[in-house]
Amino acid sequence: MNPTIGIAVILTVLQAANCQMIKDLSACLLGQSLRVDCRYENKTSNPLTYEFSITKDNRKHVIHSTISVSENIYRSRANVTMHKNLVCLYLQSFTTSDEGVYMCELKATNDYTGNQIKNITVIKDKLEKCAGFSLLIQNTSWLLLLLLSLPLLQAVDFVSL
């Protein structure tokens, strides 16, 4: 085997092990806005690109993307935030005309394994309200610190009695 081909095969195998994997896609109502959470497992330090789209009437409409161009009707209403292992789409003034199959597509730069894609059907009357606690859970370091300090706080209360 040619050494150059061997190195190319090894690099391809190593790159395939470094892909992003979507773990969960969920949707909820946050006031009058739709929030779509795309949780993924981060297996690489390569920059992440994303695309949120909706399929309705058998046609794909790009809502917000770093992969392709978003459609005009969604540009002023949509924004995306990225946190550790979470990409969130916010679609303002969500109505029944925005119902359909929402898709989250993720791709890591220089990842040759292909894009990760997950779909969720969104119907306004069947959406739950976003839990306030789930917004706080995204940054769990403060919660972990609180839970770890509870025994210390209980010990201080016991000593002061």
A.B. asks: Name the one of E41, K118, Q116 that satisfies side chain to side chain contact (heavy atoms under 4.5 Å, CB included) with K23?
C.D. replies: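 Only one option passes, and that is E41.
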A.B. asks: Look at the SG atom of C38 and the SG atom of C104, then say if they are under 2.5 Å from each other.
C.D. replies: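 In this structure, C38 and C104 share a disulfide.
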A.B. asks: How many angstroms lie between atom NZ of K107 and atom OG1 of T66, to the nearest 0.5 angstrom?
C.D. replies: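 With rounding to 0.5 Å, NZ (K107) is 11.0 Å from OG1 (T66).
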A.B. asks: Could you walk me through whether C130 and C28 pass the disulfide (SG to SG under 2.5 Å) check?
C.D. replies: CA-CA 5 Å; C130 299; C28 60; 1.9 Å; yes
A.B. asks: Distance check, rounded to the nearest 0.5 Å: I54 atom CD1 versus L34 atom CG?
C.D. replies: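 Output value for this atom pair is 8.5 Å.
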A.B. asks: Kindly write out the residues that satisfy salt bridge (Lys or Arg N to Asp or Glu O under 4.0 Å) with R75, not counting sequence neighbours, or none if the list is empty.
C.D. replies: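 Expected list: none.
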A.B. asks: Side chains of D24 and D37: closer than 4.5 Å at any heavy-atom pair?
C.D. replies: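 In short, these two side chains do not touch, never coming nearer than 4.5 Å.
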A.B. asks: Do the side-chain N and O atoms of S68 and E51 include a donor-acceptor pair separated by under 3.5 angstrom?
C.D. replies: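 Yes.
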A.B. asks: Test Y102 against every option in L91, L25, T55, N119 by the side chain to side chain contact (heavy atoms under 4.5 Å, CB included) rule and name the one that passes.
C.D. replies: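 Only match with Y102 under side chain to side chain contact (heavy atoms under 4.5 Å, CB included): L91.
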A.B. asks: Rounded at 0.5 Å granularity, tell me how far OG1 in T95 sits from CZ in R77.
C.D. replies: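 T95 OG1 to R77 CZ: 6.0 Å, rounded to 0.5 Å.
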A.B. asks: Mind checking whether V122 and M103 sit in one hydrophobic cluster, side chains of I, L, V, M, F, W, Y counted as touching below 4.5 Å?
C.D. replies: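 No.
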A.B. asks: Let me check something: do I117 and V36 share a hydrophobic cluster, defined by ILVMFWY side-chain heavy atoms less than 4.5 Å apart, either directly or through other members?
C.D. replies: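 Unlinked, I117 and V36 end up in two clusters.
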A.B. asks: Could you give the distance from OG1 (T49) to CD (E105), rounded to the nearest 0.5 Å?
C.D. replies: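 Here the interatomic distance stands at 8.0 Å.
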A.B. asks: Is there a path of hydrophobic side-chain contacts, each under 4.5 Å between heavy atoms, that joins F94 and L89?
C.D. replies: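 Yes, same cluster.
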A.B. asks: Grouping I, L, V, M, F, W and Y whenever their side-chain heavy atoms are under 4.5 Å apart, do Y90 and V62 come out in a common cluster?
C.D. replies: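 No.
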A.B. asks: When rounded to the nearest 0.5 angstrom, what is the spacing between CG in D98 and NE2 in H61?
C.D. replies: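 That separation rounds to 10.5 Å.
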A.B. asks: Start with the C-alpha gap between L48 and V87, add the side-chain angles, then the distance that decides, and say whether side chain to side chain contact (heavy atoms under 4.5 Å, CB included) holds.
C.D. replies: CA-CA 10 Å; L48 181 69; V87 183; 4.1 Å; yes
A.B. asks: Check for a donor-acceptor pair, side chain of R39 on one end and backbone N or O of L86 on the other, with a separation under 3.5 Å.
C.D. replies: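 Flag not set: sc R39 to bb L86 has no pair under 3.5 Å.
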A.B. asks: Would the distance check show the side chain of K126 and the main-chain N or O of T121 forming a donor-acceptor pair, the cut-off being under 3.5 Å?
C.D. replies: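 Here the side-chain-to-backbone pair does not exist.
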A.B. asks: Decide yes or no for S93 and Q32: does some side-chain heavy atom of the first lie under 4.5 Å from some side-chain heavy atom of the second?
C.D. replies: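 Side-chain contact under 4.5 Å: no.
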A.B. asks: Are L106 and I67 connected, step by step, through hydrophobic side chains (Ile, Leu, Val, Met, Phe, Trp, Tyr) whose heavy atoms are closer than 4.5 Å?
C.D. replies: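 Cluster IDs for L106 and I67 differ.
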A.B. asks: In Å, rounded to the nearest 0.5 Å, how long is the span from CZ of F52 to OG of S65?
C.D. replies: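 OG of S65 is found 10.0 Å from CZ of F52.
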